[in-house]
Amino acid sequence: MPLHQPSTRLRKYVTNVVYEPGCDWVSCGDELLIRAATEAAAKADAAVVMVGLNQSMETEGLDRVTLRLPQCQEKLVEEVARCAKDTVVPVIMAGGPVDVSFSRNLSNIGGIMWAGYPGQDGGNAIAQVVFGDFNPSGRSPVTWYLQDYADQVPMKDMNMRPDKTRGFPGRTYRFYTRPSLYQFGHGLSHSTFYKYIKSAPSTIFI
């Protein structure tokens, strides 16, 4: 079965798709290609920015050393959002959460999609969500922590409860009470949900 790239599957919905790599590789060690991406975003009705990791950075037996995006990827998102004339949608491909707190103050970002590692038909799935053919209802299976959390918690310390004497903030949603980026179960949808009481008794006897 062929690999369906997001850039090609987006053309199912709009014929005029301009692709600019932004980075030469996932490590994104320099900024040389960012300008072309920002120039394309400045002319486009919307911009989809693919960022994230790959298995050279995280896999079984290889842990990440940071929760942030690799090197210049943050700047790529920031510059595209700054130059875009309308909506920007970052799509994150990664096996786990990423600290994308830098995007909070970027007003052009209409939403952030976490795609995980979506496989050979991932381009189709991403395009369907971006254009509303599929209404996302998934919820995050993990809490998205800020990089500060990883800096505070030694990865070889398996204690769960906080310890003020050591400055240890605790682990997991049960014991870590400081701010996180997105909590376990967070997720958005194209739909707008309302809740109201359809019927209820006027008197309740206790």
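- Closest of all the heavy-atom pairs between Cys23 and Gln73 is SG-CG, 4.3 Å.
- Other residues, nucleotides and ligands contribute only 12 or fewer heavy atoms inside 6.0 Å of the CZ atom of Arg68.
- Here the straight-line distance linking atom SG of Cys83 with atom CZ of Arg35 works out to 10.0 Å at 0.5 Å rounding.
- Residues Pro6 and Met50 come closest through the heavy atom pair CG-CE, 3.7 Å.
- Remark: Arg178 does not engage Asp148 in a salt bridge, criterion side-chain N to carboxylate O under 4.0 Å.
- Between Val153 and Pro169, some side-chain heavy-atom pair lies under the 4.5 Å cut-off.
- The closest donor-acceptor contact from the side chain of Arg11 to the backbone of Val17 lies under 3.5 Å.
- A salt bridge is defined here as a Lys NZ or Arg NE, NH1 or NH2 lying under 4.0 Å from an Asp or Glu carboxylate O, and Glu79 with Arg82 meets this definition.
- Side chains of Gln147 and Asp151: a donor on one and an acceptor on the other come within 3.5 Å.
- One hydrophobic cluster, built from ILVMFWY side chains closer than 4.5 Å, holds both Leu67 and Met155.
- You'll find the side chain of Thr8 stays beyond 4.5 Å of the side chain of Tyr19, heavy atoms only.
- Considering CG of Asn124 and CZ of Phe134, their distance stands at 13.0 Å, rounded to 0.5 Å.
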Exercise. Any chance you could lay out the side-chain contact (heavy atoms from CB on, under 4.5 Å) test for Phe131 and Val14, step after step, and finish with the verdict?
Key: CA-CA 10 Å; Phe131 283 93; Val14 286; 4.1 Å; yes

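- Annotation: salt bridge (Lys or Arg N to Asp or Glu O under 4.0 Å) contacts of Lys43 (sequence neighbours excluded): none.
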Exercise. Show your reasoning for whether side-chain contact (heavy atoms from CB on, under 4.5 Å) applies to Ile126 and Arg9.
Key: CA-CA 8 Å; Ile126 290 168; Arg9 304 317 291 175; over 6 Å; no

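- Of the inter-residue distances, the one linking Glu74 atom CD with Cys28 atom SG reads 10.5 Å to the nearest 0.5 angstrom.
- In this structure, Asp99 and Tyr149 have side chains that are not in contact, with every pair of non-hydrogen atoms separated by 4.5 Å or more.
- With hydrogens and angles disregarded, no donor-acceptor distance shorter than 3.5 Å links the side chain of Glu20 to the backbone of Thr38.
- Note that CG of Leu10 is 11.0 Å distant from CD of Gln5, once rounded to the nearest 0.5 Å.
- Residues Ile34, Val49, Val51, Leu69, Leu76, Val77, Val80, Val88, Ile92, Val98, Val100, Phe102, Leu106, Ile109, Ile112, Val142, Trp144, Leu146, Leu181, Tyr182 make up the rest of the hydrophobic cluster containing Trp114, defined by ILVMFWY side-chain heavy atoms closer than 4.5 Å, directly or through other members.
- Atoms CG and OG, on Leu53 and Ser27 in that order, are 11.0 Å from each other to the nearest 0.5 Å.
- Side chain of Thr143 to main chain of Tyr145: no donor-acceptor pair is present (N/O by atom type, distance under 3.5 Å, no hydrogens or angles).
- With a 4.5 Å cut-off on side-chain heavy atoms, Met158 and Arg171 count as touching.
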Exercise. Assess whether side-chain contact (heavy atoms from CB on, under 4.5 Å) is satisfied between Gln128 and Tyr13, documenting all intermediate values.
Key: CA-CA 9 Å; Gln128 288 170 12; Tyr13 298 90; 3.4 Å; yes

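- Proximity of Arg174 to Met160: side-chain heavy atoms (C-beta onward) are nowhere separated by under 4.5 Å.
- Heavy atoms from other residues, nucleotides or ligands lying under 6.0 Å from OH of Tyr173 number 12 at most.
- Nearest heavy atoms, Pro162 versus Phe175: CD-CB, 3.7 Å.
- Contact of the His186 side chain with the Ser180 side chain is not registered, since no non-hydrogen atoms from C-beta on lie closer than 4.5 Å.
- Distance check: Gln152 CD to Arg166 CZ gives 12.5 Å after rounding to the nearest 0.5 Å.
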Would you be so kind as to tabulate the donor-acceptor pairs closer than 3.5 Å made by side chains of residues 193-206, with sequence neighbours excluded?
none

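- Open room surrounds CG on Asn105; 12 or fewer heavy atoms of other groups in view lie less than 6.0 Å from it.
- Pairing each heavy atom of Ala40 with each of Val18, the nearest pair is CB-CG1, 4.0 Å.
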Quiz item: Where do Asn54 and Trp25 land on the side-chain contact (heavy atoms from CB on, under 4.5 Å) test, with the steps shown first?
Solution: CA-CA 10 Å; Asn54 67 9; Trp25 184 238; 3.5 Å; yes

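- At least one donor-acceptor pair under 3.5 Å links the side chain of Asp163 to the backbone N or O of Thr165.
- Closest of all the heavy-atom pairs between Glu58 and Gly95 is OE2-N, 2.5 Å.
- The shortest heavy-atom contact between Pro136 and Val129 is CG-CG1, 4.0 Å.
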